Every structure is written in C-alpha cells, then in structure tokens.
Student: 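My questions all concern the structure below.
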Amino acid sequence: MTPEELAASVLAAVRDAVAAGDLGLDVSAVPTEVTVERPRNRNHGDYATNVALRLAKSAGRPPRQVAEALAVRLRDLPGVAAVDVAGPGFLNVTLDAAAQGELARAIVTAGETYGRSDTLAGQRVNLEFISANPTGPLHLGHSRWAAVGDAMARVIEAAGAEVTREFYVNDRGVQMDRFGESLMAAAHGRPTPTDGYHGEYVGELAAAIAAEHPEYLTLPDDEQMVAFREAGYLLQLAEQRAVLDRFRTHFDVWYSERSLHDSDAVERGMQRLREQGHVYEADHAVWLRTTDFGDDKDRVLVKADGEYTYFASDTAYYVDKRTRGYDVNIYLLGADHHGYVNRLRALAACAGDDPDRNIEVLIGQLVKILRGGEEVRLSKRAGSIVTLEDFAEEAGIDAARYTLCRYPTDSPLTLDIAVMTARTQDNPVYYVQYAHARIASLLRNAADLGLLPDVTAFAPALLSHEREGALLGALGEFPRVVATAAELREPHRVARYLEDLAGTYHRFYDVCRVLPQGDEEAGPLHSARLLLCAATRQVLANGLALLGVDAPDRM
RNA sequence: GCCCCCGUAGCUCAGGGGAUAGAGCAACGGUUUCCUAAACCGUGUGUCGGAGGUUCGAAUCCUCUCGGGGGCACCA
C-alpha cells in the first residue's frame, strides 16, 4: 500500500463517518485531502495522520473522540494491521508486512516511471535560466543555475507539466558594444577601454578573430568594432552552448533579444500594454505605470532619445512567451537581479495577466567561492573568474551538479574549491552513487547464481524485518518528494531524499543478508529481498536522473 | 531611506503547523572467514538570534527588534 492509497482510504473513512453522523459534521466540512506522513518515531506506526486534530474544532468534539470514530473504520481496511489513537489525537496506522512489501513489486513494475505524477498535469511551463550575456565564459554563478534550472525542469516534467527550457541571449545593447570595443583594442595591443571587458579570454578571442579575418584590422573604427563584436558574439555563444552541453544542461530554445526587435515583437508588446491602459508619456519618454501593481516607481520603455530600454525588451519577451502559449513563466534570476521581481510581476499585471499565476520570479542567492580560505570574486570584467568549464572539470560533472543542486537556492552557497576537489570522498553524491553501485553489484552476483528479480514469484509478507520496513517506507515517499519538489520549485528536496534513502539502504544491507551464503539454497526470502534491492536501485536511478547525475553500476 | 535573502550543534547545512529538532563533517571508540568497509554501530553538544502574537500545538505563520549579506539607474 502506498501512502497515497492510504490517504485516499483515510479520506473515505472521514466521508463515511460524516455520512453516518458519527462526527457531527456536515458533508461540506469534509476536507479535499488529508495528509499522511511517516512519523520519525517508529513507535508511532508506519504512517500517521492528524486529520482528527484538524476536524475536532469544527466537529466540536475532543480530537481523540474524532480519531476513535475514524480508527474503527480504518481497522477494517485490508492491509492495515493496527490503528492507534495517540497523543492529542493522532491516528497511527501500522500496515501488515504484505501490504507494505507490495510496494517493491509496484516499483519494479513501474520502472523508470516510478516517481512521476500528474500533480502539474496540463500546465505549460516556460523555464528561463542562466541567460548570460554572450560576452564571456560562463562562470560559477551560472553553474548553479545550470544545475538547478536543469534539475528543476526535469522535476517539473516528472510532475506532469510540459516544460520548455529557455535561454535568453542578451545580444543587444551597450554591453555588446563594449565587448566589441574591448576585442578591437586587444587585437591592436591597445589597453582595454573604460568599462571594457578584461580577462585573458578577451585577448585570446581577439587574436583568434584577427587570425581568421586579418582584413578586419584595417576597417574604419566603427565598422571594425561591429566586425569584432559580431565575430566575438558568435564564438562566445557557441562556446557557452558547448560548455553547457558537456555539463548536461540542454536548452529547448535560445531566444535572441535582437530577434525581438527584428520582428515586430517589441511593437506588439507595446501595443498590448497600451490596450491595457498603463502606458503614458512624460519628459519625452514613454513610461509603463508599473506602480499600478506594486512596483515602487514607474519604468521607462522608450527613452527620450527614442531608444527602447532593456525593460521594453523584457516586456516584449514576456508577451511573446505568453503568445507562445506558456501559462506559467518561471524566471530563475540571481540575487543581483532581485530588484526585477516587482517590476516583472507588475509588467505581467500591466499586460493583463495574473502575476500570481502567469509569472514566477525565483531569486537564487549568489555563490561564493573560497580558494585557500580567500573569496574569489566573480566578474567577467575583472578577469579573475572561475569558469563553469574549469569548475566542472575540477570537481567532476556529477559532483559539481549534485553539490549545486542539494541546497535551496535562496540560501547563499559557499563552496571551498579545495573541499570540492580534494575531499571528494566526503561528497554526498558519492554516498548516493555508492548505494546504487552496491546494489548493481549485488544484482550481478545474484544473476551469477541464477537469481533474477521476479515480480511474479514474490512473497511480500516476508519483508517483515524492521530495516526492510524502514526501506519500504522510504521508497514509498519518493513520488511525493518529487511532486513537492516540483510544486515548490525546490529540486534540492530530491537530493536530500536520496541521501536519506541511501542511508536507509546501507543500514538494511548491513543487517539483512540478501543472497544465499555458501551452499545455502536460494529461498523465497532471498527472492523477496532481491526484489526490494531492485526497487531501491530503481528509485536511486530515477532520483539521480532528475538531478542529471549518473547512477553508476560500478565504483 | 526603501526592498530581498539569511541567522538551527564546534564547522557546513536539512527541516513548506505536529509527537523527544536532525544529517554530514570534525573528535573518540567499535564492527569484515561469505552480497562493494566509498559501508555500518556507539559516545557528546542546542537560550532554533531576541521579544511579543496567532492555536490544541510554532524552528516553521504574523508583528517588532538585533546581527550578517545583497540590491536601488531614461545601465545591460
């Protein structure tokens, strides 16, 4: 029996009790769902629900009395061994071993689909992340979004939504020109202009472009800057894609800011806002009255000189996403962009949308990096940067992705490069991967003995050991963990769950011998445990896949 | 000045109203004739920054406050 099935049964018991008049409640007071959780303390049964405590007030009865009325009904359920009323009014449910053990069969049968749900079914989600300027290499800050954003996309998909991963290419504006000027200066051996880009990559890029196109060097300055800018842009963009590709983060859409302007998307976006009545002119500029929706000041769309602002691009881009049919538009931004939250939400409202439903701006705190106890500053312009490429190579892709994914993004992350690289054996990713490899090895050994996990010849009631119960309980949590991670946009929950599951497995393994020893004949318990191991391997693999981390068969 | 994030064990951090607040690391000690010891077991630590409030119940929600970090543009 899965926790979901039990929750449904508890809900049915509530309905039944209400219908029978046992709770003094009207049918309308029946909750739409009840929570069934695994108590930390095993003395509190396999599952516990607080539904009686929640209903007590409106029922006007002591919680324990409500609980008793429900307990009577739950005790009759097939698979339920015991129901106790405990503490202030908790219902503690103990399953019989067979009902619990059935889960192993269900998981092995479901295979790669175990953990998926329809929690977010029907939603079309656009998930935008990284969106770095194509003016330099991706750095460690981008790495966090590369890992988290990709995992988030996988998790949301697992919950049944349709997800488009999108990278917005900021290929227009002043920064691009500064980039072009910096390349041109470097190609001539001149010092980097004020506000230009530093760093070795600028010189390397300039040299590569000059070698490929020596004729650029004799162009008039204006044309030359453009030539260098465009060549540098294409090279940088290609490099970013290649680096992300190796990091296993793939985008469905690379959306160019220029293309917004080349099409009539910007004008269409403006039109949409005008129709909604939030656009006005003042001081020769065109403004959007974002203060109508909680922004602390209005924003300029068209500057007095007639140029569109970056915010105008944002507006057009948002409207374009909506036009492409995305109900939920998620922006994963760094903390340095947190000032954008209100204006983006206001923008959605100005476009006539619901900012609580159509747009979600998630702010991720920045990553600090320590090297030798000193903070390494990250800046494309400063030149002293840890690139995504270097980081992934130094730490390994699995360790890099996993480490970046296992923390909530609203907490600042401090990574010591030395810890990531020199002490990799302490990294939780290896703990989880090791559990997978251990089971894979066990399954190989079993196959050598002619034993294969078999869902047809499976005796679930034999899985009655305490550690088997703990393991089954942990396995049953997986679908809810994934669904919650998807709803809250918190993929780190999957990582934390896997660490817990790996530990639970290791403790099971330590006590419960799976394969026959010596000349011992293989019996039903061996088979049952083997299937339990196969189920665990499946969940570990499914979970690691959600994080984009390998599940190795050997370590 | 206004806004956002954080404050939990010696360190790094989990804990989206539930029962006695957890894990890893670090320290000390133990476990292997047989399935991967990258594992497991044991020993100790907490004014959950502080003060109020909400309620059957608060680390969790609300208000205030202290401390740390980040952000404010007709820049991108």
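Just so we're clear, the structure is a prediction, and the values are computed from it rather than from any experiment. Every chain is numbered from 1, with letters handed out A, B, ... down the list of sequences.
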Student: State which of B:U36, B:C35, B:C74 makes the closest approach to the side chain of A:S441.
Tutor: B:U36
Student: How far, in whole Å, is B:C2 from B:C64 if one measures between their P atoms?
Tutor: 11 Å
Student: How is A:H492 classified with respect to the nucleic acid when contacts are heavy atoms under 4.0 Å: base, sugar-phosphate, or nothing?
Tutor: sugar-phosphate
Student: Classify the nucleic acid contact of A:R406 as base, sugar-phosphate or nothing, counting any heavy atom under 4.0 Å across all strands shown.
Tutor: nothing
Student: In the strands shown, is B:A39 matched to any nucleotide by a Watson-Crick or G-U wobble pair with both distances under 3.5 Å, and which?
Tutor: B:U31
Student: Is A:N170 touching bases, backbone alone, or none of the nucleic acid, heavy atoms closer than 4.0 Å?
Tutor: nothing
Student: Under 4.0 Å, heavy atoms only, any strand: does A:N43 hit a base, just the sugar-phosphate, or nothing?
Tutor: nothing
Student: Contact class for A:D296 vs. all strands (heavy atom < 4.0 Å): base, sugar-phosphate, or nothing?
Tutor: nothing
Student: Taking any heavy-atom pair under 4.0 Å as a contact, classify A:R299: base, sugar-phosphate, or nothing.
Tutor: sugar-phosphate
Student: Just compare B:U36, B:U20, B:A19 and give me whichever is closest to any side-chain atom of A:Y434.
Tutor: B:U36
Student: Looking only at the side chains, is there a donor atom on one of A:Y233 and A:D171 sitting less than 3.5 Å from an acceptor on the other?
Tutor: yes
Student: Choose from B:G18, B:G16, B:C40 the nucleotide whose nearest atom is closest to any side-chain atom of A:E487.
Tutor: B:G16
Student: Would you kindly check if the NZ (Lys) or CZ (Arg) of A:R496 is within the cone defined by 45 degrees around the ring axis of A:Y407 and under 6.0 Å from the six-membered ring centre?
Tutor: yes
Student: Looking across every strand, which nucleic acid part, if any, lies under 4.0 Å from A:I363 by heavy atom: base, sugar-phosphate, or nothing?
Tutor: nothing
Student: Quick one: is A:Y509 getting a side-chain N or O under 4.0 Å of the B:C41 phosphate, OP1 or OP2?
Tutor: no
Student: Scan A:N342 against the nucleic acid and name what it touches under 4.0 Å (heavy atoms): base, sugar-phosphate only, or nothing.
Tutor: nothing
Student: Using Watson-Crick or G-U wobble geometry with both distances below 3.5 Å, tell me the partner of B:C11, or none.
Tutor: B:G24
